[in-house]
Amino acid sequence: MVSFCCTQGQGDMGYARLLFDEIPEPDNFMWNTMIRGYSNNSSPEAAVSLYIEMLARGVGPDNYTYPFLLKAFDRQMAIEFGGELHAHVTKFGFCSNPHVQDALIHVYSISGEMDAARELFDKSPKQNSVLWNAIISAYNRSKKYAESCKLFAEMEELQVEPTMVTLVLVISACAKLKNLEYGAWIHRNIENCWIVPNLALQNALIDMYAGCGDIRTAWSLFENMEAKDVISWTALVAGLANLGQVDQARELFNRMPERDIISWTVMIDGYMKANRFKEVLEIFREMQSVSVRPDEFTMVSVLTACANLGAFEVGEWIRVYMERYKINIDVFVNNAMIDFYCKCGCVENAFDIFDKMQKRDKFTWTTMINGLAINGHGEHALDLFTRMLRTSVRPDEVTYIGVLTACIHNGLIEEGREIFSSMINTHGIFPNVCHYGCLVDLLGRAGQLNEALETIKNMPMKPNSRVWGALLGACRVHRNLEMGELAANKILELEPDNGAVYVLLSNLYAKLNRWEEVGKVKDMLMQRGVKKIPGCSLIEINGNIHEFVAGDCAHPRIEEIHTKMEEMGRELMLAGYAPDTTEVFIDISEEEKEDTVYKHCEKLAIAFGLLSSPAGATIRVVKNLRICLDCHNAIKLISRIYKRVIVVRDKTRFHHFSSGSCSCKDYW
DNA sequence: TTAGGGTTAG
């Protein structure tokens, strides 16, 4: 009866306990059964309490007790009780039992104490292949895949026969390492030894080949399988998606006989990695329409898509959803939420999450620092970086990009210089070409053009177009024609099709009233047939993303939008606005130029936002390019006229418009 | 009548 009540997953431990309490003197076997019952019904704490009670009642544990007890531990329990229970094992003399050793290796591996796990393994007699599997599995769980492969080689030397499980583990390690050579070598050995792979091993092989980019072999294994399960399909879908072949992945996904939460998440993540964010939201809705519950893995991809689209309402909805359905909010989800809020311009919400997090990894700090930086809170970003240095989490090269960005957007020259040198001196991180780009940007904006150029000349690597682009931008602001031409030519050597360069260069000539050169640049552009990337603005209304390109007529409510634009135009004129057409780059009359800037996509999006949201609501727009001078002037006034906070995220930073001014202080 | 190792996702 007790054993029945302790059935895995669907037991009734309350009833089991009632029965158990009626037994006058339960023996070892009964105690073990109860402990196993709690473990199998996800109550490892109750299992530990019962174990303590068992000892208190003078009943000695046996070989079975510890595997039952330890098997259900999560990380927290393992950290809390692992060492102590190991001491009990030693005291009661069960150290040499392989089942107990296995359980202890498991517990140490989930608490991250790989040295302790390894010590146990090293002390064991190495004949038993199951313990080899346990330690290799522990290394896989700790993401130390190279160590797994090393142990497999050792196993061969000592002539311990690998089992099917060993092969699955080591093939999986090869997949994670993207070591096709070693993986294929093992596969050949498997074939030479006439081992017939079972389903799990076949799946692991498909995953390995697909993950290493050898889709053909993966396909042929897949097609020759007698029986496939959902994992076989998912492994191949994931392989295609990770190679960027999202449409092929989707085709295969559609053919799947069944899909589980992982298959859906793989597909969603595939769209996310291909930057097809609107499709992420579409397939996410589709998944819900067939009643598949998302989990925390799914949410990370969906939140990332929301972040990139600026889909504030959808992201907020997801937060509520996660609360309601008790989705496990781990450090990955929190990091994604911080990024989401930052990319929607809500630094306060992001910081709130950051502040409440129990555990932060380097991504948490990096995301928050970068989020503060691009939103114009440079000082706060630097404070946070100082705080980070006091923790055990080490910054990496990406963290430094965020920190340098903070300095750039706030003109913090000295801080920036110091940080740049401390990268190498205190943290041993060598600046890459992006860091040099930041430094050039920092110096350039501050007007130290010669030093910026010197920096480029002394870089240990070849400067790329972004480095020269930073210099060109600075030359435009500080009107240095000679250096600007140099930078522009360097960029065009590297990227003859870079349309933005022509715009920056002609801006520079225009500012200096060199109209002849402006014309030459235009001719060059026309001759070379360079296409500018079309500007595009996104705005979310009621959870739907609306997309606008310049002069757009495709929107279903375009007539209302045009009426609103006309009204906006009149209000702007009354407020003293004059169109600024210096950044218009096509050969047309002044009147036509004014018409062009008037129809810029961010203005369309804002007009639509004013139309479709209640008075006083914040309007959030995401733009794929830099905001133009004219739009920047106009939006400042619009924020005052219509009493709205307008947040525009452009290609590199945020503009928070409110009461007629912008958070970037016109410095971007 | 009690025990061990495995494959897919951020």
Side-chain angles (χ1 to χ4, degrees), chain A residues 1-4 6 27-37 39-40 61-71 94 97-106 109 121 124 128-141 148 162-176 197-208 210-211 218 228-239 241-242 256 259-270 272-273 294-305 328 330-336 339 361 363:
Chain A
M1 280 297 289
V2 170
S3 181
F4 175 72
C6 291
D27 61 3
N28 243 324
F29 180 90
M30 292 304 308
W31 285 97
N32 287 346
T33 304
M34 283 295 290
I35 289 172
R36 184 186 53 155
S39 284
N40 286 345
D62 64 11
N63 278 338
Y64 289 83
T65 312
Y66 294 99
F68 287 151
L69 186 59
L70 298 170
K71 212 174 71 179
F94 300 117
N97 180 292
H99 291 277
V100 176
Q101 288 170 340
D102 172 66
L104 284 170
I105 289 176
H106 173 82
S109 81
F121 172 76
S124 73
N128 184 338
S129 61
V130 174
L131 275 186
W132 284 87
N133 294 347
I135 189 72
I136 295 177
S137 158
Y139 278 121
N140 273 6
R141 196 176 298 115
S148 299
T163 65
M164 206 69 92
V165 174
T166 324
L167 296 168
V168 169
L169 285 165
V170 69
I171 288 292
S172 165
C174 291
K176 294 289 193 300
N198 66 4
L199 181 60
L201 184 51
Q202 292 178 65
N203 288 345
L205 284 164
I206 290 175
D207 177 56
M208 189 271 294
K228 307 173 176 76
D229 67 0
V230 64
I231 296 177
S232 332
W233 288 87
T234 307
L236 199 50
V237 171
N242 285 330
M256 286 177 76
R259 304 178 191 95
D260 64 7
I261 173 66
I262 298 183
S263 334
W264 282 97
T265 305
V266 163
M267 203 56 245
I268 288 174
D269 192 52
M272 201 271 284
K273 288 206 184 98
D295 65 5
E296 64 268 31
F297 283 79
T298 327
M299 291 316 196
V300 170
S301 299
V302 178
L303 279 168
T304 307
N328 176 29
D330 60 14
V331 60
F332 287 88
V333 176
N334 274 321
N335 292 350
D339 187 44
D361 61 12
F363 298 94

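All chains are named by letter (A, B, ...) in the order of the sequence lines, taking the proteins before the strands, and each is independently numbered beginning at 1. Computed from a predicted model, the values in this text were never measured in an experiment.
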Report yes if at least one side-chain N or O of [X] is closer than 4.0 Å to OP1 or OP2 of [N]; otherwise report no.
{"X": "Lys71(A)", "N": "dG4(B)", "value": "yes"}
{"X": "Ser172(A)", "N": "dT8(B)", "value": "yes"}
{"X": "Lys176(A)", "N": "dA9(B)", "value": "yes"}
{"X": "Ser301(A)", "N": "dG10(B)", "value": "no"}
{"X": "Arg259(A)", "N": "dT8(B)", "value": "no"}

Name the closest nucleotide to the [X] side chain, picking from [options].
{"X": "Val266(A)", "options": "dG6(B), dA9(B), dT2(B)", "answer": "dA9(B)"}
{"X": "Val300(A)", "options": "dG6(B), dG10(B), dG4(B)", "answer": "dG10(B)"}
{"X": "Asp260(A)", "options": "dG6(B), dT2(B), dT8(B)", "answer": "dT8(B)"}
{"X": "Tyr64(A)", "options": "dA9(B), dG6(B), dA3(B)", "answer": "dA3(B)"}
{"X": "Thr234(A)", "options": "dA3(B), dT8(B), dG5(B)", "answer": "dT8(B)"}
{"X": "Pro98(A)", "options": "dG10(B), dG4(B), dG5(B)", "answer": "dG4(B)"}
{"X": "Asp295(A)", "options": "dG6(B), dG4(B), dA9(B)", "answer": "dA9(B)"}
{"X": "Ala200(A)", "options": "dG6(B), dA3(B), dG10(B)", "answer": "dG6(B)"}
{"X": "Thr265(A)", "options": "dA3(B), dT1(B), dA9(B)", "answer": "dA9(B)"}

Base, sugar-phosphate or nothing for [X]? Non-hydrogen atoms, less than 4.0 Å.
{"X": "Val237(A)", "value": "nothing"}
{"X": "Ser137(A)", "value": "sugar-phosphate"}
{"X": "Asn63(A)", "value": "base"}
{"X": "Val130(A)", "value": "base"}
{"X": "Tyr66(A)", "value": "nothing"}
{"X": "Asn198(A)", "value": "base"}
{"X": "Asn335(A)", "value": "nothing"}
{"X": "Leu169(A)", "value": "sugar-phosphate"}
{"X": "Asn97(A)", "value": "base"}
{"X": "Gln101(A)", "value": "nothing"}
{"X": "Thr163(A)", "value": "base"}
{"X": "Asn32(A)", "value": "base"}

Quiz item: Which heavy-atom pair separates Ala204(A) from Ile171(A) by the least distance, and what is that distance?
Solution: O-CG2, 3.4 Å
Quiz item: Which of these, Ile262(A), Asp229(A), Asp207(A), sits in a side-chain contact (heavy atoms from CB on, under 4.5 Å) with Thr234(A)?
Solution: Ile262(A)
What is the distance, to the nearest angstrom, from the [atom1] atom on [X] to the [atom2] atom on [N]?
{"X": "Ile231(A)", "N": "dT7(B)", "atom1": "CD1", "atom2": "C1'", "answer": "5 Å"}
{"X": "Leu69(A)", "N": "dA3(B)", "atom1": "CG", "atom2": "P", "answer": "15 Å"}
{"X": "Ile171(A)", "N": "dT8(B)", "atom1": "CD1", "atom2": "C1'", "answer": "15 Å"}
{"X": "Ile105(A)", "N": "dG4(B)", "atom1": "CD1", "atom2": "C1'", "answer": "10 Å"}
{"X": "Arg36(A)", "N": "dT1(B)", "atom1": "CZ", "atom2": "P", "answer": "13 Å"}
{"X": "Met208(A)", "N": "dT7(B)", "atom1": "CE", "atom2": "P", "answer": "15 Å"}
{"X": "Asn203(A)", "N": "dT7(B)", "atom1": "CG", "atom2": "C1'", "answer": "5 Å"}
{"X": "Gln202(A)", "N": "dT8(B)", "atom1": "CD", "atom2": "P", "answer": "15 Å"}

Answer yes or no: is there a donor N or O on one side and an acceptor on the other, between the side chain of [X] and the main chain of [Y], under 3.5 Å?
{"X": "Asn133(A)", "Y": "Ile136(A)", "result": "no"}
{"X": "Asp269(A)", "Y": "Thr265(A)", "result": "no"}
{"X": "Thr166(A)", "Y": "Thr163(A)", "result": "yes"}
{"X": "Thr33(A)", "Y": "Phe29(A)", "result": "yes"}
{"X": "Asn140(A)", "Y": "Leu169(A)", "result": "yes"}

Quiz item: Any donor-acceptor pair under 3.5 Å between the side chain of Asp330(A) and the base of dG10(B)?
Solution: yes
Quiz prompt | 4.5 Å side-chain heavy-atom contact, Asn203(A) and Ser232(A) | solution = yes
